[in-house]
Amino acid sequence: MTCDADSVSETSEDQTACGAVCLGTPRVTNTFRLTRPVFFVGFMGAGKTSVSRKLARQLGLAAVDMDTFIERQEEKKVSEIFEEQGEEGFRAIETQVLAELASREPALIGCGGGVILAEQNREILKRDGFVVFLKVTAVEARGRISDLSTRPLFNDVDEAIKRNQDRLPLYEEVADIVIDTAGKSVGSIAYEVRSALEKEGVLCAQRK
Ligand code: S3P
């Protein structure tokens, strides 16, 4: 499905920029909708949650963080699930949650970094969504994660470099777009994602 309404060119911020001069002029604002779920993938610390939340605020769309969703559903922290059920147990829950989110009203979804490991998940991502791969080096990612105890699979940088390298072909396999996040702010990454979503007809503006 693609956009059938106006293309996304005017934001509500543009519309209100003239302030008092515009009093009495009918105000045109846009609401936005997604034609497909947008999945953010990439290594731990790539900025999936921050970028999806920023875009959601800008566009008035829903953002869902998969790990937070899992923690609410299981009433446990991700680290506790790893301790009690191992990585295998966590991955089974992750697949169930991914399938559920893919079938819901389209939203901006920040996936856990390992979501691409299961072939079944990669099929869901490719079939049902538009996938944004936020690329980051393990060294840069380490600097962005304040508390490593929340990431059971990020123990030290050398191990993370290897894990990130091993996963690279899988991130690339599912990606509709790849954004190198090196040295960029959350705002500028969000801007790049938004432009791509407009261009691909995944983000549509509706005037009201
Ligand atoms: C994981 C990434 C984490 C979380 C879990 C496993 C991984 O999510 O799902 O600790 O295998 O890369 P973030 O990528 O949001 O940190």
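A quick note: this is a predicted structure, and the numbers were derived from the prediction, not measured. For ligands, and for the atoms within them, numbers begin at 1 and follow the listed sequence. Values reported hereafter were calculated over all heavy atoms of this structure, with side chains retained and with hydrogens, waters and symmetry mates removed. Numbers for residues simply follow the sequence, beginning at 1.
In terms of protein heavy atoms, atom 7 (C) of ligand 1 is closest to G114 N, 3.3 Å. Closest to atom 10 (O) of ligand 1, if we only count protein heavy atoms, is P152 CD, 3.4 Å. From the protein, the heavy atom lying nearest to atom 3 (C) of ligand 1 is D67 OD2, 3.4 Å. Considering only non-hydrogen protein atoms, atom 12 (O) of ligand 1 sits nearest to R167 NH1, 2.7 Å. If you check which protein heavy atom lies closest to atom 14 (O) of ligand 1, you get K48 NZ, 2.4 Å. For atom 16 (O) of ligand 1, the nearest protein heavy atom (residue, atom name, distance) is R151 NE, 2.5 Å.
Using a 4.0 Å cut-off between charged side-chain N and carboxylate O, R91 and E94 make a salt bridge. Remark: K162 engages D166 in a salt bridge, criterion side-chain N to carboxylate O under 4.0 Å.
Near L153, with a cut-off below 4.0 Å to any heavy atom, the atoms of ligand 1 are 11 (O). Which parts of ligand 1 touch F90 is read off a 4.0 Å heavy-atom cut-off, strictly below it: atoms 9 (O). The G112 neighbourhood of ligand 1 comprises atoms 8 (O), 9 (O), 14 (O), with distances under 4.0 Å to a heavy atom of that residue. Heavy-atom contacts of V78 reach the following atoms of ligand 1: 5 (C), 10 (O) (cutoff under 4.0 Å). Those atoms of ligand 1 that come under 4.0 Å of a heavy atom in R91, given as number and element, are 7 (C), 11 (O).
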Walk me through it: do L34 and L108 pass the test side chain to side chain contact (heavy atoms under 4.5 Å, CB included)? CA-CA 9 Å; L34 296 170; L108 300 162; 4.1 Å; yes

Under 3.5 Å donor-acceptor pairs involving side-chain atoms of residues 123-132, not counting sequence neighbours:
residue: K126; atom: NZ; partner: E173; partner atom: OE2; Å: 2.8

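At under 3.5 Å, not a single nitrogen or oxygen of C111, backbone or side chain, sits near a nitrogen or oxygen of ligand 1.
Judged as a side-chain hydrogen bond (donor to acceptor under 3.5 Å, both in side chains), and not counting sequence neighbours, N164 has no contacts.
Relative orientation of the Y171 and F133 rings is parallel, given thresholds of 30° and 60° on the angle between their planes.
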